[in-house]
S.K.: 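Next up is a structure, given as structure tokens.
Just so you know, these numbers use all the heavy atoms, side chains as well, and skip hydrogens, waters and symmetry mates. Lettering follows sequence order; numbering is per chain, from 1.
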Amino acid sequence: MNSNLFIYNTLSRTKELFEPLKPPFVGMYVCGPTVYGDPHLGHARPAITFDLVFRYLKHLGYKVRYIRNITDVGHLENDEDEGEDKIAKKARVEQLEPMEVAQYYSDRYFLFMDKMNVSRPSIEPRASGHIIEQILMTQKILDAGFAYVVNGSVYFDVNKYNEKYGYGRLSGRKIEDMVSNTRKLEGQDEKMNSVDFALWKKAQPEHIMRWPSPWSDGFPGWHLECSAMSTKYLGEQFDIHGGGLDLLFPHHESEIAQSTAATGKASVKYWMHNNMITIEGQKMGKSLGNFITLDEFFTGNHKSLTQAYSPMTIRFFILQAQYRSTLDFSNEALQAAEKGLKKLFAGIDTLSKLVPSVYLKIEDRGQRTDKDFHSPSSIIHPLLQGCYNAMNDDFNSPVVIANLFEAVRIINSVYDKKESISAEDLEEMKNLFNTFVFEILGLKEEKTDSGNELVDGLMETILSLRQRARENKDWPASDQIRGDLEKMKITVKDTKDGAVWNID
RNA sequence: GGUAUCGUGGCCGAGUGGCUAGGCAGAGGUCUGCAAAACCUCGUACAGCGGUUCGACUCCGCUCGAUACCUCCA
């Protein structure tokens with residue numbers, strides 16, 4: 001557990017050695033989805049990024065409590081007077097109960113995350129289930145003197161907070177600049193200062209989602225849920241807080257302010273931010289209307305998509321970029337990922353068929369030179385070490401994958417009898433794939449109908465007929481069978497051990 | 001305008017002060033009845049201009065360009 005894991009901390013803009021506050025326990029909080037729309041590719045990135053973090057920390061032996069919230073209330077439409085809750089607005093349009101909408105899209109979110117093999121977090125709290133905690137936190141901030149009440153709404157006093165603790169440290173903003181640069185919005189007259197934000201908003205009569213509070217019937221402000229729920233489940237101070245880069249300001253900045261104002265100390269040790277997925281160089285997002293939902297990816301049902309892409313292809317595509325880089329979507333890039341993933345799993349399949357060579361190597365007597373290229377310490381072990389080094393360097397999954405492809409190259413060479421492998425190497429190789437492909441990267445094979453007894457039996461019959469044709473050098477018949485199967489998406493390959501087939 | 005990040009070969013995408021990323025696509029070769037797969041070889045990328053240095057794609061400055069945030073957004 002005494003690892004050399006380095007994490008890029010947005011707070012310091014450097015990679016820092018990861019040292020949990022209370023080892024072996026690790027507390028991690030990640031901003032989850034607002035459930036008022038179908039999950040799109042952008043939602044997949046943080047989910048997979050922090051799943052990778054979750055999986056790796058567990059692999060290192062930490063006991064991780066991972067919280068990812070569901071925002072089913074709390075984000076204001078804007079900061080204006082009539083600021084209405086997004087969930088409520090959508091609900092009115094569709095004439096549905098707000099919670100029905102939230103439930104529907106929550107279910108959709110879970111469904112698609114499961115398909116991409118994203119682990120379920122330890123706790124997935126809902127904002128609507130933590131109104132009391134949010135009210136209590138608002139009260140605490142009021143008591144500390146960093147908030148004020150106007151007409152039943154409660155606002156955070158950013159200026160006062162700034163004087164004592166400094167506001168803007170995460171995002172590198174100065175409050176003076178912000179005051180002069182904040183756009184003039186309608187109906188800001190309640191706030192003492194334009195940079196102040198709402199902790200509690202009084203609900204207008206038409207506002208559906210509302211709860212009683214000491215100040216008014218209303219609803220919590222849009223940064224409050226994360227502060228309240230992270231504190232509830234992880235304590236006043238915890239290790240990692242993650243989320244999309246687009247949440248850095250003002251959301252995370254305000255979270256820091258709220259928690260610090262309430263408790264007098266900084267709550268988060270490591271701030272992690274995943275970068276955006278872009279499409280034609282632009283952020284894929286709701287407001288731009290250029291997003292593609294996960295459902296559309298999986299079905300191929302979208303005008304920008306030339307084909308469907310499987311959940312694992314999406315996962316692999318995301319893991320092929322480091323989480324802090326922007327990732328540009330294109331059909332070409334996705335197809336490259338699809339083929340690469342196929343090659344990886346073909347390699348794993350081949351690995352299970354390998355037999356170790358039995359000859360006694362000269363280096364087994366002790367002396368080792370650079371030419372001893374078949375001992376564990378000289379070919380497989382460096383790859384394993386390379387994977388750990390990459391993960392320890394701020395979760396550099398693309399480098400892990402590069403190491404895995406090198407391993408696949410070795411597997412194929414051994415299978416082609418161009419290289420040999422010792423029993424120890426073979427075991428280490430299997431360990432490498434089990435650990436990194438399945439456990440840490442969380443990839444899994446998407447098997448189709450293979451394994452179905454009926455299909456297997458039919459295929460055996462068909463291929464034995466084709467084999468007879470081949471033995472008779474009846475190439476037209478042989479090729480026709482292969483061609484007909486190809487039309488049914490069944491690929492037949494002739495190897496020296498006979499024909500093998502698989503369904504695409 | 002402010003803040004931040006970034007500009008790598010046909011595409012995606014790592015990385016580094018002097019030493020191979022990797023995947024996809026492309027070219028040639030081996031194997032194969034053919035095909036597929038696999039393996040081998042190849043292309044001399046690091047926006048531009050200066051500076052530091054024995055040496056920079058990597059450090060510094062400037063220019064150009066891109067993106068994100070400053071309003072809900074993963």
S.K.: Heavy atoms under 4.0 Å, any strand shown: does Arg409(A) hit a base, just sugar-phosphate, or nothing?
M.R.: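 Sugar-phosphate, no base atom in range.
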S.K.: Surrounding NZ of Lys487(A) (heavy atoms of other residues, nucleotides or ligands, distance under 6.0 Å), is the total greater than 12?
M.R.: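 Not more than 12 within 6.0 Å, no.
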S.K.: Taking the P atom in each of U52(B) and C60(B), what is the distance between them to the nearest angstrom?
M.R.: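 It works out to 15 Å between them.
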S.K.: Distance check, C1' atoms only: A47(B) and C6(B), in whole angstrom units.
M.R.: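 Between the two C1' atoms, the distance is 12 Å.
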S.K.: Run Asp114(A) and Arg120(A) through salt bridge (Lys or Arg N to Asp or Glu O under 4.0 Å) and show every step you take.
M.R.: CA-CA 8 Å; Asp114(A) 286 349; Arg120(A) 292 288 182 105; 2.9 Å; yes
S.K.: Any side-chain N or O of Asn275(A) under 4.0 Å from OP1/OP2 of A68(B)?
M.R.: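 It does not, given that no N or O in the side chain of Asn275(A) lies less than 4.0 Å from OP1 or OP2 of A68(B).
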S.K.: So that I can compare with my own list, what are the stems of RNA chain B, taken as at least three consecutive Watson-Crick or G-U pairs with distances under 3.5 Å?
M.R.: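 For RNA chain B the paired stretches long enough to count as stems (3 pairs minimum) are B:1-7 with B:64-70, B:10-12 with B:22-24, B:26-30 with B:38-42, B:47-51 with B:59-63.
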S.K.: Look at the side chain of Ala402(A) and decide which nucleotide, out of C69(B), G22(B), G13(B), has an atom nearest to it.
M.R.: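 Nearest to the side chain of Ala402(A) among the choices is G22(B).
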S.K.: Using a heavy-atom cut-off of 4.0 Å across all strands, would you classify Leu327(A) as base, sugar-phosphate, or nothing?
M.R.: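 The residue Leu327(A) makes sugar-phosphate contact but no base contact.
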S.K.: Rounding to an integer number of Å, can you tell me how far Phe197(A) CZ sits from C72(B) P?
M.R.: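 It works out to 12 Å between those atoms.
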S.K.: Which class fits the ring pair Trp271(A) and His273(A): parallel under 30°, tilted 30 to 60°, perpendicular over 60°?
M.R.: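 Ring orientation, 0 to 90° scale: parallel.
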S.K.: Can Trp475(A) be called stacked on G33(B) when the rule is centres closer than 5.5 Å and an angle between planes below 30°?
M.R.: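 Yes, Trp475(A) stacks on the base of G33(B), since the ring centres sit under 5.5 Å apart and the planes are within 30°.
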S.K.: Can you figure out which of A37(B), G23(B), U3(B) approaches the side chain of Lys493(A) most closely?
M.R.: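 Output: A37(B).
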S.K.: So, Asn275(A) and Ser325(A): side-chain donor and acceptor under 3.5 Å apart, yes or no?
M.R.: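 Ser325(A) and Asn275(A) do not have a side-chain donor-acceptor pair below 3.5 Å.
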S.K.: Centre of Tyr8(A)'s six-membered ring, under 6.0 Å away, within 45 degrees of the axis: is that where NZ or CZ of Arg324(A) sits?
M.R.: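 Geometry flag: set, cation within 6.0 Å and 45°.
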S.K.: If you check every side-chain atom of Asp494(A), which of G15(B), G33(B), C70(B) has the closest atom?
M.R.: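 Ranking G15(B), G33(B), C70(B) by closest atom to the Asp494(A) side chain puts G33(B) first.
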S.K.: Taking U20(B) as the reference, what is the distance to C31(B) when you measure between their P atoms (whole Å, please)?
M.R.: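 Comparing P positions in C31(B) and U20(B) gives a spacing of 31 Å.
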S.K.: Which whole number of Å gives the distance between the P atom of G15(B) and that of G22(B)?
M.R.: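 15 Å, rounded to whole Å.
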S.K.: Scan Asp479(A) against the nucleic acid and name what it touches under 4.0 Å (heavy atoms): base, sugar-phosphate only, or nothing.
M.R.: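 The residue Asp479(A) makes base contact.
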S.K.: Taking atom C1' in both A45(B) and G9(B), what distance in whole Å separates the two?
M.R.: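 To the nearest whole Å, 4 Å.
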S.K.: Would you measure the distance from the C1' atom in C57(B) across to the matching atom in G2(B) and give it in whole Å?
M.R.: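 C57(B) and G2(B) have their C1' atoms separated by 31 Å.
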S.K.: Give Val500(A) one of three labels, base, sugar-phosphate or nothing, depending on what nucleic acid heavy atoms sit under 4.0 Å from its own.
M.R.: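 Val500(A): no heavy atom of the nucleic acid under 4.0 Å.
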S.K.: Which of these nucleotides, A68(B), C70(B), A74(B), is closest to any side-chain atom of Gln282(A)?
M.R.: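 So the side chain of Gln282(A) is nearest to A68(B).
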S.K.: Phosphate oxygens OP1/OP2 of A74(B): is one of them under 4.0 Å from a side-chain N or O of Thr34(A)?
M.R.: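 Checking Thr34(A) against A74(B): at least one side-chain N or O falls below 4.0 Å of OP1 or OP2.
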S.K.: Let's see if you can work this out: which of G2(B), C39(B), A14(B) has an atom nearest to the side-chain heavy atoms of Ser413(A)?
M.R.: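 My answer, after comparing the listed nucleotides, is C39(B).
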S.K.: Check the distance between C40(B)'s C1' and Ile410(A)'s CD1 and give it to me in whole angstrom.
M.R.: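 So the CD1-C1' distance, Ile410(A) to C40(B), works out to 15 Å.
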S.K.: Check every strand shown and say whether Gly244(A) touches a base, only sugar-phosphate, or nothing at a heavy-atom separation below 4.0 Å.
M.R.: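 Touches sugar-phosphate only.
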S.K.: Are any side-chain N or O atoms of Glu253(A) and backbone N or O atoms of Leu170(A), one a donor and one an acceptor, separated by less than 3.5 Å?
M.R.: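 Yes; at least one donor-acceptor contact below 3.5 Å.
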S.K.: Identify whether any heavy atom of Thr49(A) sits under 4.0 Å from a base atom; if not, whether one sits that close to sugar-phosphate; answer base, sugar-phosphate or nothing.
M.R.: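 Contact class for Thr49(A): none.
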S.K.: Scan Lys283(A) against the nucleic acid and name what it touches under 4.0 Å (heavy atoms): base, sugar-phosphate only, or nothing.
M.R.: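 The residue Lys283(A) makes base contact.
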S.K.: Mind checking Arg324(A) for me? I need base, sugar-phosphate or nothing, with any heavy atom below 4.0 Å counting as a touch.
M.R.: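 Here Arg324(A) touches no strand at all.
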S.K.: Using only side-chain N and O atoms of Lys339(A), determine if any of them is under 4.0 Å from OP1 or OP2 of A25(B).
M.R.: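 Yes, within the criterion.
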S.K.: Rounded to the nearest 0.5 Å, how far apart are CD of Gln258(A) and CD of Gln134(A)?
M.R.: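 Going from CD on Gln258(A) over to CD on Gln134(A), the span is 9.0 Å.
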S.K.: Regarding Gln335(A), tell me which of base, sugar-phosphate or nothing describes its non-hydrogen contacts under 4.0 Å with the strands shown.
M.R.: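 Gln335(A): no heavy atom of the nucleic acid under 4.0 Å.
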S.K.: On RNA chain B, compare the nucleotides closest to Lys418(A) and Pro476(A); which residue's is nearer the 5' end?
M.R.: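 The 5'-side residue here is Pro476(A).
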S.K.: Is the base of C11(B) touched by the side chain of Asp328(A) through a donor-acceptor pair closer than 3.5 angstrom?
M.R.: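 Per atom types, no contact qualifies.
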S.K.: Determine, for Tyr323(A) and Arg45(A), whether the Lys NZ or Arg CZ falls below 6.0 Å from the six-membered ring centre while staying within 45 degrees of the axis.
M.R.: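 Judged by the rule (NZ or CZ under 6.0 Å from the ring centre, within 45° of its axis), Arg45(A) is not positioned above Tyr323(A).
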S.K.: Send over the distance from Arg315(A) CZ to A74(B) P, rounded to a whole Å.
M.R.: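 One finds 19 Å between P of A74(B) and CZ of Arg315(A), rounded.
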S.K.: Distance between the P atoms of A27(B) and U63(B), in whole angstroms?
M.R.: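 Approximately 44 Å lies between the P atom of A27(B) and that of U63(B).
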S.K.: Please tell me which of the listed nucleotides, A14(B), G10(B), C12(B), lies nearest to the side chain of Glu332(A)?
M.R.: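 Selected nucleotide (nearest to the side chain): G10(B).
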S.K.: Regarding A36(B), can its base be found pairing with the side chain of Arg482(A) as donor and acceptor, where the two atoms are less than 3.5 Å apart?
M.R.: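 Flag unset: no donor-acceptor pair detected.
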S.K.: Of the non-hydrogen atoms in Tyr29(A) and Ser230(A), which two are nearest, and what is the gap between them?
M.R.: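 What the structure gives for the nearest pair is CD1-CB, 3.6 Å.
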S.K.: Any chance the rings of Phe297(A) and Phe329(A) have centres within less than 6.0 Å?
M.R.: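 Yes, ring centres under 6.0 Å apart.
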S.K.: When you get a sec, tell me which of C11(B), G23(B), U3(B) is the closest nucleotide to the side chain of Ser330(A)?
M.R.: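 Taking heavy atoms from C-beta onward, the closest nucleotide is C11(B).
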S.K.: Is the distance from OP1 or OP2 of C39(B) to the nearest side-chain N or O of Asn412(A) less than 4.0 Å?
M.R.: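 Answer yes for this pair, as a side-chain N or O of Asn412(A) is under 4.0 Å from OP1 or OP2.
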S.K.: Measuring from the side chain of Ser478(A) (C-beta onward, heavy atoms only), which nucleotide among A36(B), G33(B), A74(B) has the closest atom?
M.R.: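 Ranking A36(B), G33(B), A74(B) by closest atom to the Ser478(A) side chain puts G33(B) first.
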S.K.: Can you tell me, in whole Å, how much space there is between the P of C64(B) and that of C49(B)?
M.R.: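 15 Å, rounded to whole Å.
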S.K.: Let me know, please, whether Gly32(A) or Tyr323(A) comes out on the 5' side of the other along RNA chain B by nearest nucleotide.
M.R.: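 In this pair, the answer is Tyr323(A).
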